[in-house]
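Here's the structure, in structure tokens; my notes come after.
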Amino acid sequence: MNEIKKEEEKSLNFLEEIVEEDLEAGRTRTVLTRFPPEPNGYLHIGHSKSICLNFGLAQKYGGKTNLRFDDTNPVTEDTEYVESIKEDIKWLGYEWANEFYASDYFEQLYQFAITLIKKGLAYVDDSTSEQIAQQKGTPTEPGKESPYRNRSVEENLQLFNDMREGKYKDGEKVLRARVDMSSPNMHMRDPILYRIKHAHHHRTGDSWVIYPMYDFAHGQSDSIEHITHSICTLEFVPHRPLYDWLIKQLEIFPSHQYEFARLNLSYTVMSKRKLLQLVNEKHVTAWDDPRMPTISGLRRRGYTPESIRMFAEKIGVQKRDNLIEVGLLEFCIREHLNKIAQRRMVVFDPVKVVLTNYPEGEEILKSEDNPEDPDTTYRDIPFSRELYIEREDFMENPPKKFFRLSPGQKVRLKSAYIIQCDEVIKDEAGNIQELHCSYLPGTKSGGEHANMKVQATIHWVSIPHAITAEVRLYDRLFRVENPASEEGDFKDYINPDSLQVLPTVYAEPALKTAKFDERYQFLRKGYFTLDKDSSEEKMIFNRTVTLRDNWAKEQKKA
RNA sequence: UGCCUUAUAGUAUAAUGGUAGUACGACAGAUUCUGGAUCUGUUUGUCUUGGUUCGAAUCCAGGUAAGGCAACCA
């Protein structure tokens, strides 16, 4: 309810404005968008901006969104990618109205080409790719017309048919639009519409040897589907005149293209090519490595769809280039995980505590699974004479603002007792072996002296009851904010410490039943989720994100 | 030295000729059985020069800067 109200008060982004104007002016009665991935790689967080935009816009105005695979280049595309893309979109929480493929329209597109030829607006060109590049000129000089530009309609029809029949080899001929070789817009200088590729297509098999180019597939597919608002990224702005020209000459449904600035995220890269390189050259383990900005990587890392949708909402949409701080993404996931994560206690770097005045045996204590949840459940935690606490939670000679355990000082053990440190036991080298402490019996959580004030509460595990697990701590993949804009190879800026593995950490027994779809907060440590590498013998947890840490900040200042 | 797009706090994003606001961050404090969460407060901005106007972030003109465009990729 609250959220809906907020939404109503919120100002519109420029795409929503366009849609509302179109609706008001009666230019359209419905909103139909599409998400048009090429199945040649995995989706990343940048795509999720586009997905949320396309699906979100349609949803908001009671419209629908098609999923359309832009599969016009058989040599790079594969069904493996089709499947991963569908999975990622569903996971993000969106449902497409129709699953289409540009390749569904190959015959229709071929007929469109014939229409153009008949109108004298397309011709078969025998020039080589180098010659065509020459003819195009440069941005500052006009192009030259191809010697094949003025072939007759009949000849073009025949040659184009022969292209389809497979009478020519790859690269021998192309079909070009006949527009304007002196246009200041390079894309209008007789762009290529069809090329010959004797290649196996993931859906049409070997039935075609000519394939349409992006410019002769995308807009036409939009039009065939009656897409009202075709939303793409900024690099397609110069294609728009061609998009409009083709639709006009073909006299087909007038879809319109609108462009927004793609997402850039700090400390990572966002191009399929670069991500593919990271995978191929083994800088990461796979497309779904939890350090990757892919949707599958984020999912494995423990991000939730809700958090990614919140992120997309918060970054907004505009036409100016941007570099979003990864901190905003982290804010979004913390925001969600804080509400849903089950709290557990896990000690990463243990130091042994012996409670000298605590009897042998055990005691079962209760602790809330999530203090943020008013209806929280409680779990049992065994307590005993010998415990582990975090080594960094004890300091022999603490600085002023250190609130945790130190000789003679008291600290609260979460959901248990207040303890006091009496003696520090060291080995010959002076390393701390264990801490001898006494507990204050009346200070048990909920007990009569539970309100006694101490500076800090720390987490702990009972040694005889502890279970072990592996923990994988992730940091940003790159050392610099914008690796793509740095001098030289972006891979030179990879952060060598992006993964830290702790093979053995000690956890309270309740974690034994950890589930893959459950999110956990390891108290004072961060948010974690079970990794798919886990086995019956060994649980492995990925750190999704740390908790905010003001103490660390304080230390940095000092 | 062509064409296109863009320019508002550190980062994003509003204000659609009429009080420059919001979020994240940063800083300070309150509170807390997580140095988490929560709450309160503070800080910082209209690229530049002119013009139109009672009034300009907004309209106009010139500059500047950033990004894009010359794949048989999408």
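Quick note on labels: first sequence line is chain A, next is B, and so on, each numbered from 1.
Partners of A/Tyr211 under the side-chain hydrogen bond (donor to acceptor under 3.5 Å, both in side chains) rule, at least two apart in sequence or in another chain, do not exist in this structure. Residues meeting the side-chain hydrogen bond (donor to acceptor under 3.5 Å, both in side chains) test with A/Ser307, sequence neighbours left out: A/Thr304. Evaluation of the side-chain hydrogen bond (donor to acceptor under 3.5 Å, both in side chains) rule for A/Asn73 yields no partner, not counting sequence neighbours. A/Arg262 is linked by a salt bridge (Lys or Arg N to Asp or Glu O under 4.0 Å) to A/Glu235, counting only residues two or more places apart in sequence or in another chain. Shown here are the side-chain hydrogen bond (donor to acceptor under 3.5 Å, both in side chains) partners of A/Asn264, two or more places apart in sequence or in another chain: there are none. Not a single ring-ring contact (aromatic ring centres under 6.0 Å, His included) links A/Phe403 to another residue, sequence neighbours left out.
For the ring pair (Phe, Tyr, Trp, His ring centres under 6.0 Å) test with A/Phe236, the passing option among A/Phe260, A/Tyr243, A/Tyr214 is A/Tyr214; the others fail. The residue from A/Arg240, A/Gln257, A/Arg34 that alone fulfils the side-chain hydrogen bond (donor to acceptor under 3.5 Å, both in side chains) condition with A/Ser230 is A/Arg34.
Judged by the 6.0 Å distance and 45° axis criteria, A/Arg151 is not positioned over the aromatic ring of A/Tyr123.
A/Asn40 and A/Glu38 are linked by a side-chain donor-acceptor pair at a separation below 3.5 angstrom, with hydrogens and angles left out of the test. In summary, the side chains of A/Asn66 and A/Glu225 do present a donor paired with an acceptor at a separation below 3.5 Å, with no hydrogens or angles considered.
Look at the P atom in both B/U43 and B/G2: the space between them is 46 Å, to the nearest Å. When the C1' atom is compared between B/C59 and B/G67, the two are found 25 Å apart, to the nearest whole Å. A distance of about 27 Å separates the C1' atoms of B/U8 and B/U40, rounded to the whole Å. Nucleotides B/C69 and B/G18 have their C1' atoms positioned 40 Å apart, rounded to a whole Å. Distance check on atom C1': B/G63 versus B/A23 gives 34 Å, rounded to whole Å. Only the P atoms considered, B/A9 is 10 Å distant from B/U48, to the nearest whole Å.
Within 6.0 Å of atom CD in A/Gln134, 12 or fewer heavy atoms from other residues, nucleotides or ligands are found, so the atom counts as exposed in its surroundings.
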Watson-Crick or G-U pairs under 3.5 Å in RNA chain B, rendered as dot-bracket with [ ] for crossing pairs and | for another strand: .((((((..((((....[..)))).(((((.......)))))....(((((..]....))))))))))).....
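In this entry the distance linking CG of A/Asn322 with P of B/G10 reads 17 Å, nearest Å. Remark: C1' of B/A23 and CD of A/Glu330 are 16 Å apart, rounded to the nearest angstrom. In this structure, CD1 of A/Ile315 is placed 8 Å from P of B/U13, rounded to the nearest angstrom. Straight-line distance from the CG atom of A/Leu12 to the C1' atom of B/A15: 13 Å, rounded to whole Å. What separates CD of A/Glu325 from C1' of B/A26 is a distance of 10 Å, to the nearest Å. What separates CG of A/Asn264 from C1' of B/U6 is a distance of 14 Å, to the nearest Å. If you measure from atom CZ of A/Phe331 to atom C1' of B/C24, you get 7 Å, rounded to the nearest angstrom. Rounded to a whole Å, the CD atom of A/Glu16 is 12 Å from the C1' atom of B/A14.
Contact annotation: A/Gln318 side-chain N/O to B/A14 OP1/OP2 distance is under 4.0 Å. Between B/A7 and A/Lys319, no contact under 4.0 Å exists linking OP1 or OP2 to a side-chain N or O.
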Verdict with reasoning, A/Phe106 to A/His201, per ring-ring contact (aromatic ring centres under 6.0 Å, His included): CA-CA 12 Å; A/Phe106 280 173; A/His201 187 278; 5.6 Å; yes
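Residue pairs meeting the salt bridge (Lys or Arg N to Asp or Glu O under 4.0 Å) criterion with at least one member in residues 173-185 of chain A, sequence neighbours excluded, are A/Asp125-A/Arg176, A/Asp126-A/Lys173.
Taking the six-membered ring for Trp and the full ring otherwise, the centers of A/Phe383 and A/Tyr417 sit less than 6.0 Å from each other. Taking the six-membered ring for Trp and the full ring otherwise, A/Tyr101 and A/Phe69 have centroids separated by under 6.0 Å.
At a threshold of 4.0 angstrom between heavy atoms, the contacts of A/Leu328 are confined to the sugar-phosphate backbone, with no base atom among them. Looking at heavy-atom distances under 4.0 Å, A/Gly526 makes no contact with the nucleic acid at all.
Counting only heavy atoms from C-beta on, A/Arg320 has its side chain closest to B/A14 among B/U34, B/A14, B/G25.
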Protein N or O to nucleotides 1-4 of chain B N or O, pairs below 3.5 Å:
{"from": "B/G2", "atom 1": "N3", "to": "A/Pro139", "atom 2": "O", "distance (Å)": "3.0"}

Could you write out each protein N or O paired with an N or O of nucleotides 35-37 of chain B at a distance under 3.5 Å?
{"from": "B/G35", "atom 1": "OP1", "to": "A/Arg524", "atom 2": "NE", "distance (Å)": "3.3"}
{"from": "B/G35", "atom 1": "OP1", "to": "A/Arg524", "atom 2": "NH1", "distance (Å)": "2.7"}
{"from": "B/G35", "atom 1": "O2'", "to": "A/Trp551", "atom 2": "N", "distance (Å)": "3.4"}
{"from": "B/G35", "atom 1": "N7", "to": "A/Arg404", "atom 2": "NH1", "distance (Å)": "2.3"}
{"from": "B/G35", "atom 1": "O6", "to": "A/Phe403", "atom 2": "N", "distance (Å)": "3.0"}
{"from": "B/G35", "atom 1": "N1", "to": "A/Lys401", "atom 2": "O", "distance (Å)": "2.9"}
{"from": "B/G35", "atom 1": "N2", "to": "A/Lys401", "atom 2": "O", "distance (Å)": "3.4"}
{"from": "B/G36", "atom 1": "OP1", "to": "A/Asn550", "atom 2": "ND2", "distance (Å)": "2.2"}
{"from": "B/G36", "atom 1": "N2", "to": "A/Glu372", "atom 2": "OE2", "distance (Å)": "3.0"}
{"from": "B/A37", "atom 1": "OP1", "to": "A/Arg548", "atom 2": "NH1", "distance (Å)": "3.4"}
{"from": "B/A37", "atom 1": "OP2", "to": "A/Arg548", "atom 2": "NH1", "distance (Å)": "3.3"}
{"from": "B/A37", "atom 1": "O2'", "to": "A/Asn338", "atom 2": "ND2", "distance (Å)": "3.3"}
{"from": "B/A37", "atom 1": "O2'", "to": "A/Glu372", "atom 2": "OE1", "distance (Å)": "3.1"}
{"from": "B/A37", "atom 1": "O2'", "to": "A/Glu372", "atom 2": "OE2", "distance (Å)": "3.0"}

At a cut-off of 3.5 Å, list every protein nitrogen or oxygen paired with a nitrogen or oxygen from nucleotides 41-47 of chain B, distance to 0.1 Å.
none

Could I get a table of every N or O pair under 3.5 Å where one atom is in the protein and the other is in nucleotides 71-74 of chain B?
{"from": "B/C72", "atom 1": "N4", "to": "A/Ser127", "atom 2": "O", "distance (Å)": "3.4"}
{"from": "B/C72", "atom 1": "N4", "to": "A/Ser129", "atom 2": "N", "distance (Å)": "3.4"}
{"from": "B/C72", "atom 1": "N4", "to": "A/Gly171", "atom 2": "O", "distance (Å)": "2.9"}
{"from": "B/C73", "atom 1": "OP2", "to": "A/Arg195", "atom 2": "NE", "distance (Å)": "3.0"}
{"from": "B/C73", "atom 1": "OP2", "to": "A/Arg195", "atom 2": "NH2", "distance (Å)": "2.7"}
{"from": "B/C73", "atom 1": "OP2", "to": "A/Lys197", "atom 2": "NZ", "distance (Å)": "3.2"}
{"from": "B/C73", "atom 1": "O3'", "to": "A/Arg195", "atom 2": "NH2", "distance (Å)": "3.2"}
{"from": "B/C73", "atom 1": "O2'", "to": "A/Asn73", "atom 2": "ND2", "distance (Å)": "3.3"}
{"from": "B/A74", "atom 1": "OP1", "to": "A/Thr72", "atom 2": "OG1", "distance (Å)": "2.6"}
{"from": "B/A74", "atom 1": "OP1", "to": "A/Arg195", "atom 2": "NH1", "distance (Å)": "3.4"}
{"from": "B/A74", "atom 1": "OP1", "to": "A/Arg195", "atom 2": "NH2", "distance (Å)": "2.9"}
{"from": "B/A74", "atom 1": "OP2", "to": "A/Tyr214", "atom 2": "N", "distance (Å)": "2.9"}
{"from": "B/A74", "atom 1": "O4'", "to": "A/Glu38", "atom 2": "OE1", "distance (Å)": "3.4"}
{"from": "B/A74", "atom 1": "O3'", "to": "A/Asp70", "atom 2": "OD2", "distance (Å)": "3.3"}
{"from": "B/A74", "atom 1": "N6", "to": "A/His239", "atom 2": "NE2", "distance (Å)": "3.2"}

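Here OH of A/Tyr527 is found 8.0 Å from CZ of A/Arg334. Values are rounded to the nearest 0.5 Å.
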